[in-house]
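Right, one structure below, let's go through it.
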Protein chains: 2
Amino acid sequence: MTSYIDKINLYIKSLDNDTLIGLQSIASIKTYKKGELLLRQNEVCTKSYLIISGTARKYYLNDGKEITTELFFENDLAVSFDSYTLQQPSREFIEALTAISVSVTKYQTFEDAKKKYPKLITLDLMLAEYYAMWVEKRLFEFHTMTATQRYLHILNKSPHIIQTISLTIIASYLGVSLETLSRIRAKI
Amino acid sequence: MTSYIDKINLYIKSLDNDTLIGLQSIASIKTYKKGELLLRQNEVCTKSYLIISGTARKYYLNDGKEITTELFFENDLAVSFDSYTLQQPSREFIEALTAISVSVTKYQTFEDAKKKYPKLITLDLMLAEYYAMWVEKRLFEFHTMTATQRYLHILNKSPHIIQTISLTIIASYLGVSLETLSRIRAKI
DNA sequence: TTCATTATTTGACCTAAGTCAAATTTCTTG
DNA sequence: CAAGAAATTTGACTTAGGTCAAATAATGAA
């Protein structure tokens, strides 16, 4: 499934110049400071953010507790998927975890660009497919692995997460309490 | 989000005759008996199945136990998403829970049709978006609701599930043991 | 109908992970 | 550097839900 990213990148590279320039022309660079919110709960996610540098996360509040649903690193595309797709209020926040630089594209501008450059529809399709598979995998991992296994899995597959991100956030991303994560780490 | 199905149906209705006929011409009707498998683990999901009548489910085995990941009713599109998208072996099975009638379309034939009728790419995109949002919602429910809440939720939103499907399958769909589901029901 | 098979419920006990509270450790910032 | 704040760990206890086993109930084929 990781190789699907390669396929997407290949597809982007294969685009004609016209489409590529069209795609670039609708994006603009922005920076956010650590702690800044790119999207707030109840706001409509009207923009997508391609992370150029730094890290960010997506989270929501469940009776006062933050549940991190996704972590974003270089080259990741940060959006609240359903809010973006339906252009309806988001239940999620998007927050810069470090100072970040992003390439911002407005929803409506991208929709218009798809009409002008139909090859972008296929790109959009590939991105949606990738996200669907990613969420499916996450659900699968929650069903089949214990908290310890999920931690070890992340430690293996994405050591950069453990190194750069606070345990509070990692715990909420793993779906365990901070204390449980601490005990898992002590045990290993 | 349910309304997204309406949006998809509206889009289908808005298609030009040529595209519509193209779409129909690549599908064929098939029937399966109760208990028959439309897809087995380790097979590549090379077909999509639009349920015309009857019910089906998608599941995988986790150390000997069946975990139901999706239930299919009339008008649902049954595929193992990642296997279909990547054309790689599936970890999931698709099984007819009753006698069913389905409209079958081959992956490759649909891919070819997308080239000939580009509006089908947008349809494919909408279906992928819908599935991504559906999985996201499911993950969200697992994180924020107790087993009892999930049961009540299904009872509310999809009473037909409770009426037609065995508790063993419902339990595995809710992510609880059969015994726990039985106790939840006794309590209510 | 009846017997057997399958589905569901109930009981007793166990376990992973949560909660609340307090103790440490690690960062920050004046 | 020191003091306060934030992050992490540790302890004691609780709980939702799991497991294994046995008891009922429901279904279906002869």
Side-chain angles (χ1 to χ4, degrees), chain A residues 33-36 55 57 59-68 71 95-99 138-155 159-188, chain B residues 33-36 55 57 59-68 71 95-99 138-155 159-188:
Chain A
K33 293 189 208 122
K34 176 174 174 170
E36 270 192 280
T55 66
R57 68 161 175 154
Y59 71 95
Y60 62 84
L61 294 172
N62 189 223
D63 38 59
K65 257 169 205 141
E66 296 181 356
I67 312 273
T68 300
L71 298 168
E95 178 194 20
L97 292 177
T98 63
R138 202 166 138 78
L139 183 57
F140 181 78
E141 286 167 3
F142 273 108
H143 274 327
T144 57
M145 299 165 121
T146 63
T148 305
Q149 288 172 324
R150 272 176 278 147
Y151 176 73
L152 288 173
H153 186 248
I154 235 179
L155 202 59
H160 55 294
I161 290 181
I162 309 301
Q163 282 146 26
T164 48
I165 292 176
S166 82
L167 291 188
T168 306
I169 290 173
I170 294 171
S172 86
Y173 183 66
L174 288 173
V176 295
S177 69
L178 174 60
E179 296 91 329
T180 297
L181 177 56
S182 181
R183 290 189 176 105
I184 287 169
R185 285 159 58 87
K187 208 171 56 187
I188 290 164
Chain B
K33 294 188 207 121
K34 177 175 173 168
E36 271 192 280
T55 65
R57 68 161 174 153
Y59 71 94
Y60 63 83
L61 295 172
N62 188 223
D63 41 59
K65 258 170 205 141
E66 296 181 356
I67 313 273
T68 300
L71 299 168
E95 179 194 19
L97 292 177
T98 63
R138 204 167 138 75
L139 184 58
F140 180 77
E141 286 167 4
F142 273 109
H143 274 326
T144 57
M145 298 165 122
T146 64
T148 305
Q149 288 173 324
R150 285 188 317 256
Y151 176 73
L152 289 173
H153 186 248
I154 236 178
L155 201 59
H160 55 294
I161 290 181
I162 308 301
Q163 283 147 25
T164 49
I165 292 176
S166 81
L167 291 188
T168 306
I169 290 174
I170 294 171
S172 85
Y173 183 65
L174 288 173
V176 295
S177 70
L178 174 60
E179 295 92 329
T180 297
L181 177 56
S182 180
R183 290 187 177 106
I184 287 169
R185 286 158 59 86
K187 209 171 54 187
I188 292 165

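Numbered from 1 within each chain, the chains take letters A, B, ... in sequence-line order.
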Inset, instruction - For A/Lys65, report the nucleic acid contact type (base, sugar-phosphate, nothing); a contact means any heavy atom under 4.0 Å. - result: sugar-phosphate
Inset, instruction - Please work out if A/Leu181 contacts a base, only the sugar-phosphate, or nothing of the nucleic acid, heavy-atom cut-off 4.0 Å. - result: nothing
Inset, instruction - Ignoring hydrogens and angles, answer whether the base of C/dG18 and the side-chain atoms of A/Arg183 contain a donor-acceptor pair closer than 3.5 Å. - result: no
Inset, instruction - Kindly point out which of C/dG11, C/dA17, C/dT19 is positioned nearest to the side chain of A/Ser177? - result: C/dT19
Legend entry - Cation-pi geometry met for B/Arg138 and B/Tyr173 (6.0 Å, 45°): yes
Atom [atom1] of [X] and atom [atom2] of [N]: how far apart are they, to the nearest Å?
{"X": "B/Leu167", "N": "C/dT8", "atom1": "CG", "atom2": "C1'", "result": "7 Å"}
{"X": "B/Leu178", "N": "D/dC20", "atom1": "CG", "atom2": "C1'", "result": "13 Å"}
{"X": "B/Lys187", "N": "C/dT10", "atom1": "NZ", "atom2": "P", "result": "13 Å"}
{"X": "B/Asn62", "N": "D/dT19", "atom1": "CG", "atom2": "P", "result": "10 Å"}

Inset, instruction - May I ask you to test the A/Thr55-A/Leu71 pair for a side-chain heavy-atom distance under 4.5 Å? - result: no
Inset, instruction - Report yes if the side chains of A/Leu61 and A/Glu66 come closer than 4.5 Å at any heavy-atom pair, otherwise no. - result: yes
Legend entry - Whether B/Thr148 side chain and B/Ile184 backbone form a donor-acceptor pair below 3.5 Å: no
Inset, instruction - Compare side-chain N and O positions of B/Thr180 against OP1 and OP2 of D/dG17 and report whether any pair is under 4.0 Å apart. - result: no
Inset, instruction - Establish, with yes or no, whether the OP1 or OP2 oxygen of C/dT9 is under 4.0 angstrom from a side-chain nitrogen or oxygen of B/Arg185. - result: yes
